Amino acid sequence: MSDNLSSKTPKELRALMAAGRFSEQTSGLCQDYAQANLVILPKDWAFDFLLFTLRNPKPCPLIEVLDPGEPYTSIMAQEADVRKELPRYRVWRDGVVVEEPTDISSLWRDDLVSFFLGCSFGFEDALLKGGVPVRHQEMGVTVPMYETTLPNQKAGRLGGNLVVSMRPIPPELVDRADKITGELSGAHGAPVHKGDPAQIGIQDLGKPDFSGPVTVNPGEVPVFWACGVTPQSALIHAKPPFAITHAPGHMFIGDIKADAVKLMNPSG
């Protein structure tokens with residue numbers, strides 16, 4: 001990450017995104033500020049998804065929902081435009097990704113409902129301040145994400161399996177990482193699994209489902225957190241005719257601090 005980017009405020013970075021001048025992953029940017037996963041669905045799917053977040057608060061800590069057709073935020077940021085202020089999106093048709101644009105203005109419709117879900121990038125600065133390394137930031141890549149065999153709680157037409165993000169942690173720091181992240185429910189909270197990935201259905205750490213791998217050094221413990229890409233797994237299974245999400249690792253960066261996030265589903 002360049003020093004130029006690391007010094008930008010969330011609003012300044014979003015302006016670069018809106019101008020088409022930044023389209024990379026957002027881990028490590030605007031440290032201390034909340035980042036969010038995005039899911040946009042037609043109104044006739046919105047209730048199913050709202051229920052999905054309530055039943056699955058760990059991967060889906062809900063921060064903000066916009067009215068149908070409303071493109072501007074009011075909680076994550078004041079008047080940020082959901083159509084252009086993320087670095088990269090995914091457009092889904094019948095459960096398949098058909099494009100990854102950097103602007104969705106031409107696809108906007110009056111029936112679209114936008115959901116913002118807390119992101120684990122919001123706890124990474126707290127880990128670093130606590131002396132816990134964050135490997136994918138060290139390597140300059142997106143955090144590895146894996147689909148597990150742990151089923152989500154079904155809600156209407158949405159189900160699928162839990163997706164997790166993984167960070168390798170030295171064994172003496174695992175409890176510290178657990179405590180630090182457990183205090184940040186708006187960023188998925190404490191880990192859902194530590195250790196043997198096969199126990200949650202992950203056969204090869206070198207082959208993430210939604211990103212590239214990171215180095216796991218000898219003796220390090222793979223630690224897994226619930227991930228906001230989980231709804232994308234649900235979309236693959238449910239096959240709604242149309243949906244838009246963030247591209248994995250390419251988050252909405254808000255103006256609120258990560259430790260000040262208030263959830264709409266507080267059990268998350």
Side-chain angles (χ1 to χ4, degrees), residues 26-28 30-37 53 55-63 117-139 141-153 161-203 205-206 208-211 213-230 233 248-249 251 256-263 265-268:
T26 58
S27 176
C30 299
Q31 294 183 350
D32 285 338
Y33 287 91
Q35 298 197 31
N37 303 274
T53 69
R55 291 181 177 171
N56 299 279
K58 195 77 170 171
C60 301
L62 185 61
I63 301 173
L117 312 171
C119 171
S120 61
F121 288 178
F123 65 55
E124 290 179 346
D125 185 54
L127 287 177
L128 291 170
K129 287 178 178 176
V132 180
V134 178
R135 183 63 39 74
H136 63 276
Q137 286 195 24
E138 297 170 358
M139 295 177 63
V141 298
T142 301
V143 64
M145 292 165 272
Y146 307 82
E147 184 165 351
T148 71
T149 52
L150 303 174
N152 299 315
Q153 292 294 314
N161 293 330
L162 178 70
V163 174
V164 293
S165 61
M166 187 280 293
R167 293 160 185 82
I169 308 291
E172 69 275 13
L173 296 177
V174 170
D175 287 346
R176 186 184 303 178
D178 188 303
K179 183 177 186 299
I180 290 170
T181 58
E183 295 173 352
L184 294 169
S185 61
H188 302 297
V192 295
H193 183 68
K194 307 164 196 171
D196 185 3
Q199 292 182 2
I200 56 174
I202 300 170
Q203 301 305 317
L205 286 180
D209 294 297
F210 294 96
S211 55
V214 296
T215 302
V216 181
N217 295 323
E220 289 183 326
V221 179
V223 180
F224 301 88
W225 282 264
C227 178
V229 172
T230 297
S233 172
M251 306 299 173
I256 54 177
K257 294 295 184 73
D259 60 2
V261 170
K262 295 181 179 179
L263 300 181
N265 51 349
S267 59

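These figures come from a predicted structure and were not determined experimentally. We use all heavy atoms of the structure for the numbers below, so side chains are in, but hydrogens, waters and symmetry mates are not.
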What is the ring orientation for F224 with Y146, classed by angle as parallel under 30°, tilted 30 to 60°, or perpendicular over 60°? perpendicular
Within the distance-only criterion (no hydrogens, no angle test), does the side chain of H188 pair as donor or acceptor with the backbone N or O of C227 below 3.5 angstrom? no
Are N56 and T230 close enough that some pair of their side-chain heavy atoms sits under 4.5 Å apart? no
Checking S27 against H136 for the side chain to side chain donor-acceptor pair (under 3.5 Å) test, could you report, in this order, the C-alpha distance in whole Å, the side-chain angles of both residues, the deciding distance, and whether it holds? CA-CA 8 Å; S27 176; H136 63 276; 3.1 Å; yes
Does any N or O in the side chain of E220 come within less than 3.5 Å of the main-chain N or O of N217, such that one atom is a donor and the other an acceptor? yes
Closest approach of G122 to L184 (non-hydrogen atoms, all atoms of both residues): O-CD1, 4.3 Å
Side chain H193, main chain D196, donor-acceptor under 3.5 Å: yes
Distance-minimising heavy-atom pair for P213 and L205: CB-O, 4.1 Å
Interatomic distance, CG@L62 vs NZ@K262, rounded to 0.5 Å, equals 15.5 Å
Step through the shown structure and confirm whether more than 12 heavy atoms of other residues, nucleotides or ligands are within 6.0 Å of CD on Q153. no
Can a donor-acceptor pair be found, under 3.5 Å and without considering hydrogens, that links the side chain of N37 to the backbone of L117? yes
Within the structure provided, determine whether P170 and P133 are in side-chain contact (heavy-atom separation under 4.5 Å). yes
Are side-chain heavy atoms of T181 and W225 found at a separation under 4.5 Å? yes
Heavy-atom nearest pair, M145 first then P248, reads CE-CB, 3.6 Å
Approximate separation, where rounding is to 0.5 Å, of I180 CD1 and L173 CG: 8.5 Å
Treating R167 as the side-chain partner and P222 as the backbone partner, does any N or O pair qualify as donor plus acceptor under 3.5 Å? no
Ignoring hydrogens and geometry, is there a side-chain-to-backbone donor-acceptor pair from S211 to V143 under 3.5 Å? yes
Shortest non-hydrogen contact from P171 to G219? CD-O, 3.3 Å
Measure from the side-chain N and O atoms of K194 to the backbone N and O of D175, and report whether any donor-acceptor pair falls under 3.5 Å. no
Can you check side-chain contact (heavy atoms from CB on, under 4.5 Å) on F121 and T26, steps first, answer last? CA-CA 8 Å; F121 288 178; T26 58; 3.7 Å; yes
Steps toward salt bridge (charged side-chain N to carboxylate O under 4.0 Å, His left out) verdict (K129, D32): CA-CA 10 Å; K129 287 178 178 176; D32 285 338; 2.9 Å; yes
Please check if the side chain of R176 supplies one atom and the backbone of V132 the other of a donor-acceptor pair under 3.5 Å. no
Does N161 use its side chain to pair, donor to acceptor, with the backbone of E147 at less than 3.5 Å? no
Under a 4.5 Å cut-off applied to non-hydrogen side-chain atoms, are M166 and V214 in contact? yes
Can you check whether L263 reaches S185 side chain to side chain, under 4.5 Å on heavy atoms? yes
When rounded to the nearest 0.5 angstrom, what is the spacing between CD in Q35 and CG in D125? 10.5 Å
Within the supplied structure, the quantity of interest is the number of heavy atoms (other residues, nucleotides, ligands) at a distance under 6.0 Å from F210 CZ; does it exceed 12? yes
Would you say L150 and V164 make side-chain contact, with heavy atoms under 4.5 Å? no
Do side-chain atoms of T148 reach the backbone of L162 as a donor and acceptor pair under 3.5 angstrom? yes
For the residue pair D178 and A190, what are the closest heavy atoms and their distance? OD1-CB, 3.9 Å
